[in-house]
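Values below: all heavy atoms of this structure, side chains included; hydrogens, waters and symmetry mates excluded. In what follows, chains carry the letters A, B, and so on, assigned in the order in which the sequence lines appear, proteins first and then strands, with residues in each chain numbered from 1.
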Amino acid sequence: MPEGTLCNKQPVNTKEQLHALLADTRGTLYYKEMEKLDIDQEVLRDIIRKTLKSRMRTWLEICAHCGLCADSCFFYLSNHKDPKQVPSYKIQSTLGEIVKRKGDVDNALMRYAMDTAWGKCTCCNRCGMYCPFGIDMGVMFSYLRGVCFSQGFVPWEMKIGSGMHRIYRAQMDITTEDWVDTCEWMVEENQDEWPKLEIPIDKENADIIYTVNAREPKHYPEDLGDAAILFHIAGENWTVPSEGWEETSLAMFAGDWEGSRLQVKSVYDAIERLKPRKMVVTECGHAYRATVIEGPYWTGQQSGKPPVETLHYVEWVADALRTGKLKIDPVKKIKEPVTYQDSCNYIRNAGLRKDARDIMGYIAEDFREMKPCGEHNFCCGGGGGLNGIGRYREQRNIGQKVKRDQILETGAKLVITPCHNCWDAIRDLEETYKIGIRWSFIKPLLLGMVIVPEHLKGEE
Amino acid sequence: MYNIVTGPMAWLSFLIFFIGILLRSIMYIKGLDWRLDRVTYTKNVSYGIRGAIKSIFFWIIPFGSQSWRNNPGFTILVFTFHAGLLITPVFLLGHNILLQERWGISLFTISETTADMLTIAVLVSALFLLLRRFSLPEVRILTTSYDILLLCISILPFLTGFLAHTQVPPYNFWLITHIISGEIWLIAVPFTKLSHIILFFMSRAQLGMDFGIKRGGMKGGGITW
């Protein structure tokens, strides 16, 4: 069959397309259509010719087949060391085959490539740290996702997510009005306690432009309130943009590079418009990765950096604690054993290990590292969009056994998870394995232990 | 026959080897694309160089990286194999005498006993690497006949050289086979994944630059290999 009505090579650009996809419960028809979706081999060949350059070609060619990447992959470890979960095997049997056959591939291989690229890899990039040749299979799987997306082989939820970004410039259907209303609502909600609290919208030349994950206004608006209170206590001159406030990118998870570019551009446009001194990104890993680490390249920033200096929330907190903008009441520090889930996207792939440790030093009396930790830590099991894909839910749950065991080994019952995907994954892990743990973002913990400055006390 | 294989054929294979690896390096660098690879290779150069050096350094010394430390047996095999593979042919007394005779140049040489030990070390480690390929399921699934062929191409000069050196009859046969197999290896390097002789450095430097420039190297102390 050529193109399906729902499953096809066209990205979602209209609300009608989006609603049609959303109406197809669990993507039943979508995946049925996928089984008959044709491959445009000429286009595929052309994409590979133009975009698969020496770095990845070399990776595919020189892999020594030594198998050292096996133990680096949590999917391999959690699936009883199934050889078919060895990262090298997974990439060679998918992207490697597509390249070897010069795009002359069939529907079955493309579906296998999709199931592997999304269901057996979270693009955590851990394997790249363990390969003697420096072959980063996470990078290649991310590329493969783009190849699959261009041919219409993309999980249903990811196609919807990419469409959301294209239409709403957010991963969910939140309009500018919804967003502004939520900001105002959060100010009202906290007004009794903090009468001078503000969430300044579109304020020009502020010190900080704060950008978020759409889940916050949609599902956890109190997170926005918490952020506002903490900025208020720290005495920051800050603002949020009415448009360009969304940092996340399901488009990146989907391999929709044009959608990714459009999303990031909306944030950069807000920066150009409001001219803040710097940007702070909420407690989300992939949002930071998309907008700060990869985004500059999608939008062609020759410096490789966003238009202004950008801090992840943990960087802002660490800095606020170091400079005394936020002070912790020693009596209220966390007494129980606590551990930290290193988000792959801002720890391994953005170097913020030390900031996270510094924060723990200020707020926890019995901080326990996972083994391994920092850049070497394992993915939570739900990264790369995997949390949100129903088709691979079982694989996700199996993969989490590694994280479960790491947490258990620390003896901690509280896991600090300053990343939305990690937060979700740890919550689901508890639901599946019932190991008696709790999990939390940093903001609510800080609010419980921060010293309110004298001049704000009356307010409180 | 001896004159042919040590004369024009030797010239040809060395030429192919050196020009080949030079071309592979140039092609690799020319194929890097800052926008597609998402690494600003020509901006923030000092961070890039630091990242590249770290990325090569910690992997070129035994047990320098976490991955090497996690796999001590394999690490010993790999380093023994490669050390023997590189040191023996370059610093062998016999080869250097030949070099002196033909091209008037000579390098530092190792003793015959050292050369024998290194040769045996190469052969033994190759045998274990081969056994590892078949005994570990995670390696077996990746192994292809091409991998075995390349291993054979790499150890054949050592095996034949050792037989010739220990005067196993027929000496001339082993000598000629040794020279031809060495030339096959030289010619194979640019055309096969033996090109990792140079591309290892390229690839490691690239990933080092990626982490050094883009993925955190400019914020924290950079990645710990």
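Using a 4.5 Å heavy-atom threshold, the side chains of B:Lys219 and A:Glu315 count as touching. In this structure the side chain of B:Ser195 reaches within 4.5 angstrom of the side chain of A:Ile62, judged on heavy atoms. Counting heavy atoms from C-beta on, the side chains of B:Thr224 and A:Met129 never come closer than 4.5 Å. Residues B:Ser65 and A:Tyr130 form no side-chain contact, since every pair of their non-hydrogen atoms from C-beta on lies 4.5 Å or further apart. When side chains are defined from C-beta on, B:Leu207 does not count as touching A:Arg55, because their heavy atoms never get closer than 4.5 Å. The closest side-chain heavy-atom distance from A:Ile135 to B:Arg204 is not below 4.5 Å.
With a threshold of 4.5 angstrom between heavy atoms, A:Val139 approaches chain B through side-chain atoms but not through N, CA, C or O. Only the side chain of A:Trp59 comes within less than 4.5 Å of a heavy atom in chain B; its backbone stays farther off. Proximity to chain B (any heavy atom under 4.5 Å) is restricted, for A:Tyr76, to the side chain, taken from C-beta onward. Within the 4.5 angstrom heavy-atom criterion, no atom of A:Asp82 approaches chain B. The contact between A:Ile293 and chain B is made by backbone and side chain atoms together, counting heavy-atom distances below 4.5 Å. A:Cys63 touches chain B through its backbone: at least one of N, CA, C or O sits under 4.5 Å from a heavy atom, while the side chain does not.
Here the CG-OH distance, from B:Leu142 to A:Tyr89, works out to 9.0 Å after rounding to the nearest 0.5 Å. In this structure, the separation between CG on A:Asp136 and CG on B:Asp210 is 7.0 Å, given to the nearest 0.5 Å. From A:Glu375, atom CD reaches atom CZ of B:Arg215 across 12.0 Å, with rounding to the nearest 0.5 Å. To the nearest 0.5 angstrom, A:Thr58 atom OG1 is 14.0 Å from B:Phe200 atom CZ.
Pairing each heavy atom of B:Glu138 with each of A:Val86, the nearest pair is CB-CG2, 3.6 Å. Scanning all heavy atoms of the two residues, the minimum distance from A:Leu68 to B:Arg132 falls at CD1-NH2, 3.9 Å. Here the closest heavy-atom approach between residue A:Ser54 and residue B:Tyr28 is recorded as OG-O, 2.7 Å.
Ranked by heavy-atom pairs under 4.5 Å with chain B, the list A:Pro296, A:Ser88, A:Pro372, A:Ser93 is led by A:Ser88. Counting heavy-atom pairs closer than 4.5 Å to chain B, the top residue among A:Gln302, A:Arg353, A:Gln92, A:Lys354 is A:Gln302. Put simply, of A:Ala64, A:Gly304, A:Gly374, the one with the most heavy-atom pairs under 4.5 Å next to chain B is A:Ala64. In terms of heavy-atom pairs under 4.5 angstrom with chain B, the leader among A:Ser72, A:Gly134, A:Ala70, A:Cys69 is A:Gly134. Listed options B:Phe201, B:Trp34, B:Phe211 were ranked by heavy-atom pairs under 4.5 angstrom with chain A; first place goes to B:Trp34. Note on A:Arg57, A:Gln85, A:Lys81, A:Arg348: by heavy-atom pairs under 4.5 Å with chain B, the leading option is A:Arg348.
For the pair B:Lys214 and A:Tyr297, the distance from NZ or CZ to the six-membered ring centre is under 6.0 Å and the angle to the ring normal is within 45 degrees.
Heavy-atom contacts from other residues, nucleotides or ligands closer than 6.0 Å to OH of B:Tyr47 number 12 or fewer. No more than 12 heavy atoms of other residues, nucleotides or ligands shown are found within 6.0 angstrom of NZ on A:Lys305. At most 12 heavy atoms of other shown residues, nucleotides or ligands fall within 6.0 angstrom of atom CZ in B:Phe128.
Ring-plane geometry between B:His196 and A:Phe133 is classed as tilted, the angle between the planes lying from 30 to 60 degrees on a 0 to 90 degree scale.
Between B:Arg38 and A:Glu294 a salt bridge is recorded (basic side-chain N to carboxylate O distance below 4.0 Å).
Each of B:Asp147, B:Ile141, B:Val139 was checked for a side-chain contact (heavy atoms from CB on, under 4.5 Å) with A:His65, and the lone residue meeting it is B:Asp147.
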